[in-house]
Every structure is written in structure tokens, then in C-alpha cells.
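Working notes, structure below.
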Amino acid sequence: MGENLNLFTSTQYVINDALAKLGYTEEMYELLKEPVRMLTVRIPVRMDDGTIQVFTGYRAQHNDAVGPTKGGVRFHPEVDEEEVKALSMWMSLKCGIVDLPYGGGKGGIICDPRTMSFAELEKLSRGYVRAISQIVGPTKDIPAPDVYTNSQIMAWMMDEYSRLRENDSPGFITGKPIVLGGSQGREKATAQGVTICIEEAAKKRNINIKGARVVIQGFGNAGSFLAKFMHDAGAKVVAISDAHGALYDQDGLDIDYLLDRRDSFGTVTTLFENTISNKELLELECDILVPAAISNQITSENAHNIKAAIVVEAANGPTTFEATKILSERGILLVPDVLASAGGVTVSYFEWVQNNQGYYWSEEEVNEKLHAKLVSAFNNVYETSENRRVNMRLAAYMVGARKMAEASRFRGWV
Ligand code: NAD
């Protein structure tokens with residue numbers, strides 16, 4: 001597969017490949033190659049200057065054989081129909097990998113929230129829920145935050161849905177503020193999940209986390225919490241980066257100081273003079289490399305120069321397919337994004353469970369359950385990779401696809 005296929009086509013390729021390896025027929029691929037449902041909506045919003053602006057939004061539901069669909073809603077100028085479809089398919093795989101009782105969903109609105117006021121964002125969020133209300137709900141499809149959406153937006157959406165249904169429905173959406181039924185531990189869940197995957201991968205490679213040299217690309221929500229967890233576990237975080245450059249110290253960086261100085265966009269390197277580039281950061285001598293920023297960072301150009309023993313993908317799609325092949329041929333253990341970044345959706349699931357039962361857990365309980373889920377998911381993928389002699393990425397896709405394919409078969413759909 002080329003390095004420049006669009007996301008939708010490459011996702012179809014991945015699902016086809018995983019199903020073929022599992023021995024499913026072409027008919028199963030026909031069912032799973034696109035979402036079962038895709039709704040496009042137009043949302044009129046009266047802006048602060050009195051004019052009406054009409055926004056386009058989407059909600060895709062990939063496969064609901066396992067259970068209700070689940071996935072975030074992003075607000076971004078570059079949202080498009082194919083991307084939303086592809087992301088709903090990725091969510092199906094992710095939910096299958098972590099063994100959640102969900103299929104994948106995804107939503108998006110074409111807008112630029114950075115240029116909109118609070119009042120405009122509230123009207124847009126509520127308008128979106130009114131427009132998609134027929135196909136969503138706690139037992140149908142459960143949205144969550146994604147790029148440029150947050151707990152405040154989830155709160156407005158939950159309130160709008162509850163008003164429409166005339167009953168309080170916290171289980172309609174996850175990622176809510178704690179007072180409205182949000183879960184403890186949600187904010188740090190992605191980084192917790194990455195940490196658990198690092199610990200499990202380190203065991204497989206006989207690397208002791210205490211003293212291990214860790215390099216992290218990106219110092220935002222995922223990267224900065226991860227740096228803190230690694231630092232607290234006794235690892236030596238030797239390099240971190242942001243969009244402007246990277247900091248490196250072979251004796252280990254002062255993570256608490258950097259956390260204190262970073263801004264809300266995850267920027268900290270601009271405060272220092274002796275920086276290196278993000279390209280140099282990726283090729284540093286280390287035990288564990290964690291891309292936690294943007295996609296397409298490890299490519300066929302630099303995969304031969306990666307010196308880490310373990311690469312754990314906290315970001316979405318940081319390694320191309322060609323680079324995945326090169327890393328696995330070189331014996332580098334790659335923990336793929338669909339597994340490593342599944343902590344967020346797992347705690348979202350816990351939030352929904354707590355909402356449904358009306359009984360709330362402590363942060364320790366959430367972390368304990370997250371640990372159990374991810375250790376089991378990691379080992380399931382690892383064993384599939386060993387037994388079927390495929391790389392960890394394909395193994396993860398096989399584990400993820402198997403559950404929805406089995407559920408579709410038992411229901412008699414294929
Ligand atoms: P964020 O916006 O909080 O932080 C992004 C970080 O990456 C910042 O430090 C930014 O400066 C840096 N960055 C941006 N462009 C860069 C570049 N060209 N080179 C190097 N660094 C660059 O984002 P986040 O929430 O931490 O997410 C990071 C990645 O993790 C994304 O790929 C995201 O999809 C993935 N992810 C995040 C979550 C989550 O819950 N936060 C869940 C699943 C996956």
C-alpha cells in the first residue's frame with residue numbers, strides 16, 4: 001500500500017486484510033467496508049452579529065452488531081464525509097481490541113471553533129444534537145469529545161438531548177464534567193493507557209522501566225501526562241518536543257519543571273535556546289520512543305534510523321505502513337495506535353457504565369479497571385502477533401475486526 005492513500009481507502013484496505021487473514025468471506029467485507037448508517041445534517045445558527053450561518057455536520061455509525069456505536073465528535077474546518085466514515089471504522093477496531101460492548105461511530109461539524117464565541121458554540125452544539133437525535137441515544141450511539149470539542153460542549157449536548165427526551169440522560173454522551181456524571185480519571189486516561197502498554201511491551205523486551213530512556217514527541221494532553229507518569233515510574237525522559245522543536249538531555253529532563261512552564265497548547269521548547277529538531281528527536285538513542293503529536297512522523301525515509309527497542313504510538317497514525325514493515329523487520333516492537341491510545345475510549349465506556357448504574361467509582365477503581373482491560377488487550381494482540389506471525393499492527397486489526405465479524409455472523413447478517 002502506498003504512503004499517500006486517503007484515510008478512507010487505507011481503512012478499507014486494513015479491514016479487508018484483517019478479515020482475509022481471519023478467513024472471512026468477501027461478503028463480510030461487503031458489510032464492513034462502509035458504515036451501516038451515515039447522516040448528513042445542516043445546522044442553522046444565529047451568529048452574534050445577527051446573521052444566520054448554516055453548518056454541515058455528520059454522524060457515521062460503522063457497525064452495531066456488537067452493541068451501540070461509540071465515538072467522538074470533532075469540530076474542525078477540514079472535517080469531511082469520508083474522514084468521518086473512516087474514523088468510525090477505526091473506532092469499531094479500537095472497541096474490538098479493548099473488548100468493549102460497542103461498535104464504532106464518529107461525528108463531525110465543518111466549523112472553526114477558534115473563531116466562534118461561546119454563545120455560537122453552544123447553539124451549534126445544541127443544533128447538532130437536535131439534528132441527529134433520531135439516531136443517537138444511550139443504547140444506540142454514544143458521542144464523546146474529539147478534536148476541538150471538550151467537556152463543556154458535551155455538557156450542552158447532554159442537556160439538549162435530555163430536554164428533547166424529557167428525562168435526564170447522562171449516558172447519552174461521555175467526556176462530561178464530573179458534576180454531570182463524568183468519570184474520574186477521564187482526562188489522564190489516554191496517557192494511562194499508553195503507560196500500561198509501555199510497561200507490558202517493556203516486559204516482553206526485558207527492559208526495566210526504572211532507568212529506561214524514554215523519548216516523547218509532543219507535549220500536549222497525551223504527551224505531557226505520559227512524561228509525568230514515566231518520570232514518576234523511574235524512567236529517564238531524555239527528550240520531549242512540541243511543534244517548535246525538541247529538548248534533549250541524556251541525563252533526563254526535569255519533567256515537573258517543564259510541566260509547570262508549558263502553555264495550554266503544549267508548547268514549552270520556545271523558552272529554551274539549545275533545542276534540537278523533531279526529526280533529530282525521533283532518531284535519538286533510547287529504549288522507548290513515543291510519537292504523541294501528529295501523523296506520518298516515522299516513514300520509509302527515517303524508519304531505518306530509529307534506534308528505540310520499542311515504539312509506542314500515542315498519536316493517531318504516526319507511522320506509515322512502509323515504516324511499520326521496516327520497523328518490524330528490524331525487530332523493533334511497535335505498539336500500534338489502535339491499541340496504545342485506547343485508554344480514552346475505555347474510560348468513556350466506564351463513564352457510560354457508571355451513568356447507567358447511577359453509582360460512581362473512585363479514580364483508583366477506574367485506574368484498576370483500565371489496567372485490567374489494557375493488559376488483557378495488549379497480551380491478546382501480542383499473542384495473535386506471535387501465533388499468526390504477523391506484526392503487532394495487523395494483529396491488532398485482526399483482534400479488532402474479529403469481534404464485529406463474529407457478532408454480525410451470529411446475528412445472521414452475513
Ligand atoms: P494536543 O493538541 O494537546 O498536543 C499536541 C502536541 O503536539 C503539542 O505539544 C504540540 O506542540 C505538538 N505538535 C504539534 N505539531 C507538531 C509537529 N509538527 N511536530 C512535533 N510536535 C508537534 O494533542 P493531544 O490530545 O496530546 O493528542 C496528541 C496525539 O494523540 C494526536 O494524534 C491525537 O489524535 C492522539 N490521541 C489523543 C487522545 C487524547 O485523549 N488526548 C486520545 C487518542 C489519541
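Computed from heavy atoms alone, side chains included, the values below leave out hydrogens, waters and symmetry copies. Start at 1 and go down the list; that is how both ligands and their atoms are numbered.
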Interfacing atoms of ligand 1 (cut-off 4.0 Å, heavy-atom, [X]):
X      : result
Gly266 : 8 (C), 9 (O), 11 (O)
Ile294 : 15 (N), 17 (C), 18 (N)
Asn278 : 19 (N), 20 (C)
Ala222 : 24 (P), 26 (O)
Ala293 : 7 (O), 13 (N), 21 (N), 22 (C), 28 (C), 29 (C), 31 (C), 32 (O)

Should we say atom [atom1] of [X] is surrounded by more than 12 heavy atoms from elsewhere, each under 6.0 Å from it?
X      : atom1 : result
Lys204 : NZ    : yes
Asp49  : CG    : yes
Lys307 : NZ    : yes

Have a look at [options] and point out the one with the heavy atom closest to [atom].
atom                    : options                : result
atom 36 (N) of ligand 1 : Ala314, Gly344, Ser264 : Ala314
atom 25 (O) of ligand 1 : Val147, Asn221, Val194 : Asn221
atom 13 (N) of ligand 1 : Ala342, Ala243, Gly223 : Ala243
atom 43 (C) of ligand 1 : Gly317, Ser341, Ser348 : Ser341

[atom] [closest protein heavy-atom partner, distance rounded to 0.1 Å]:
atom                    : result
atom 28 (C) of ligand 1 : Ala292 O, 3.3 Å
atom 34 (O) of ligand 1 : Asn316 ND2, 3.0 Å
atom 4 (O) of ligand 1  : Gly220 CA, 3.2 Å
atom 8 (C) of ligand 1  : Phe265 O, 3.6 Å

Tell me whether [X] has any N or O atom under 3.5 angstrom from an N or O of ligand 1.
X      : result
Thr190 : yes
Gly218 : no
Ser241 : no

Tell me yes or no: between the side chains of Thr9 and Asn6, is some donor less than 3.5 Å from an acceptor?
->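 Yes, Asn6 and Thr9 have a side-chain donor paired with an acceptor closer than 3.5 Å.
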Lys/Arg N to Asp/Glu carboxylate O, [X] vs [Y], below 4.0 Å:
X      : Y      : answer
Glu83  : Lys106 : no
Asp242 : Arg262 : no
Lys21  : Asp17  : no

Nearest protein heavy atom under 4.0 Å from atom 21 (N) of ligand 1, yes or no | yes
Should the pair Lys70 and Trp352 be classed as cation-pi, given the thresholds of under 6.0 Å to the six-membered ring centre and 45° from the axis?
-> no
Can you name the residues that form a ring pair (Phe, Tyr, Trp, His ring centres under 6.0 Å) with Phe118, not counting sequence neighbours?
->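 Scan of Phe118 (ring pair (Phe, Tyr, Trp, His ring centres under 6.0 Å), adjacent residues dropped) gives Trp156.
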For Arg261, salt bridge (charged side-chain N to carboxylate O under 4.0 Å, His left out) partners two or more places apart = none
Name the orientation class of the two ring planes belonging to Phe172 and Tyr161 (parallel below 30°, tilted from 30 to 60°, perpendicular beyond 60°).
-> parallel
